[in-house]
Amino acid sequence: MVSIQPQLRVAVAGASGYAGGEFLRLAARHPHLEVGALTAHSNAGSRLGELQPHLRSLADRVLQPTTPEALAGHDVVVLGLPHGASGEVAAQLPDDVLVLDLGADHRLVSAADWEAFYGSPHAGTWPYGMPELVHADGSRQRDHLAGTRRIAVPGCNVTAVTLGLQPGVAAGLVSPSDVVAVLANGYSGAGRSLKPHLLAAEGLGSAAPYAVGGAHRHIPEIAQNLRVAGAPAVSISFTPTLVPMSRGILATVTARLAPGREDATAADVRAAWADAYAREPFVELLPEGQWPTTAATLGANTALVQVALDAAAGRVVTVTAIDNLVKGTAGQAVQAMNLALGLPETAGLVTEGVAP
């Protein structure tokens with residue numbers, strides 16, 4: 001007997017932005033999805049092809065205003081909206097619709113953390129959409145996504161840092177009380193709004209740090225994830241840097257060896273990471289001596305990880321590369337969506353990047 005694959009209608013709010021556009025690129029080739037309504041705010045009334053010219057199969061679609069009526073009648077609704085805007089829209093959607101929030105509104109458990117870093121009332125907490133997130137009891141976050149109808153998609157920087165460090169936290173090898181993360185970030189992570197420092201004339205040939213000194217909004221989310229993995233407390237110094245590439249994140253994260261584990265060898269460290277990711281379809285520990293590059297993840301839902309022991313400094317060093325718009329946002333959303341709907345986790349996603 002030939003099984004009939006379900007076709008699910010998906011609406012995308014914020015279809016003119018980078019995150020919404022990337023979800024549409026993946027949805028267009030997904031075997032179980034049919035693209036329905038596309039909405040926007042200031043770009044409502046425009047053809048999608050004017051704003052996302054690479055999406056040829058959807059180029060003639062006209063963007064509607066983002067209203068509950070436009071989003072009604074779909075199986076899945078994707079919210080690619082600015083931070084602080086998703087909560088109000090989501091509250092007007094039926095409980096039986098799967099809603100994927102690509103923004104930050106529903107990621108944090110702590111309302112105090114949200115208000116401190118975002119400066120507005122907390123919209124509530126949804127199931128967290130990082131399938132590979134390790135829990136202290138040995139389970140993974142994917143075990144908590146089946147059947148859910150609300151998913152908070154993680155932040156892109158958060159994804160890179162968490163996937164890089166969590167094996168060491170879960171294995172008790174590193175101390176989460178002294179974590180240092182320095183990231184090289186592509187410009188698409190800053191969104192599509194026109195700002196002088198994001199112009200090509202300003203960014204080409206220049207590397208520029210931002211949100212220095214503990215100001216970045218992804219910090220409490222990283223700490224939240226490491227606590228889920230078993231950290232009793234987390235202290236992290238986090239410094240992102242814009243570099244002249246359109247997509248990608250290269251996250252270098254270091255942490256001291258945990259008390260009582262100072263005699264751990266490089267083989268011990270590598271074994272913890274290898275065990276954590278041996279069965280993951282989208283996270284790969286590279287062979288010894290091979291280091292991740294952002295180019296190798298371009299267009300793919302892949303996280304490439306490497307780990308080393310700096311014995312002289314007593315620190316574990318991890319380097320993780322992702323495409324911020326795929327594994328960092330839209331690809332991870334598709335992955336979590338698949339799990340929530342009982343579809344194959346890998347449906348519509350690729351691990352091969354684009355080169356050169």
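Quantities reported herein were computed from a predicted structural model and do not represent experimental measurements.
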* Structure fact -> For Leu145 and Pro127, the nearest pair of non-hydrogen atoms, with its separation, is CD2-CB, 4.3 Å

* Asked: Do the two ring centres, one from His122 and one from His106, sit under 6.0 Å apart?
  -> no

* Are any of the side-chain nitrogens in Arg140 or Glu132 under 4.0 Å away from the carboxylate oxygens of its partner? -> no

* Asked: Going by distance alone, is a donor N or O of one side chain under 3.5 Å from an acceptor N or O of the other, for Gln335 and Glu345?
  -> yes

* **Exercise: do His30 and Asn338 side chains pair donor with acceptor under 3.5 Å** => yes

* If every non-hydrogen atom of Trp114 is compared with every non-hydrogen atom of Pro121, which pair is closest and at what distance? -> NE1-O, 3.3 Å

* Validation row, ring centre His218 to ring centre Phe117 under 6.0 Å -> no

* **Polar contact flag, side-chain donor to acceptor under 3.5 angstrom, Thr318-Trp273** => no

* Positive for side-chain contact (heavy atoms from CB on, under 4.5 Å) with Trp126, one of Asp101, Asp105, Ile151, Leu100 -> Asp101

* Residues Asp60, Arg47: salt bridge by 4.0 Å N-O rule -> yes

* Asked: With distance as the sole criterion, is a donor-acceptor pair present between the side chains of Asn185 and Asn157 under 3.5 Å?
  -> yes

* Modelled atom types, side-chain donor and acceptor of Ser175 and Asp178, under 3.5 Å -> no

* Asked: For Thr159, which residues count as a side chain to side chain donor-acceptor pair (under 3.5 Å) partner, sequence neighbours excluded?
  -> Gln332

* Looking only at non-hydrogen atoms, find the nearest pair between Leu286 and Arg270 and report the distance. => O-NH2, 2.6 Å

* Structure fact -> Thr329 meets the side chain to side chain donor-acceptor pair (under 3.5 Å) criterion, sequence neighbours left out, with none

* To do: Could you verify whether a donor N or O on one side chain and an acceptor N or O on the other, from Thr254 and Arg315, lie under 3.5 Å apart?
  => yes

* Side-chain ion pair, Arg9 and Asp75, N-O less than 4.0 Å -> no

* To do: May I ask you to check whether over 12 heavy atoms, not counting those of Asp95, lie within 6.0 Å of atom CG?
  => no

* Asked: In chain order, what residues pass the side chain to side chain donor-acceptor pair (under 3.5 Å) check against Asn225, with sequence neighbours excluded?
  -> Tyr128, Thr162

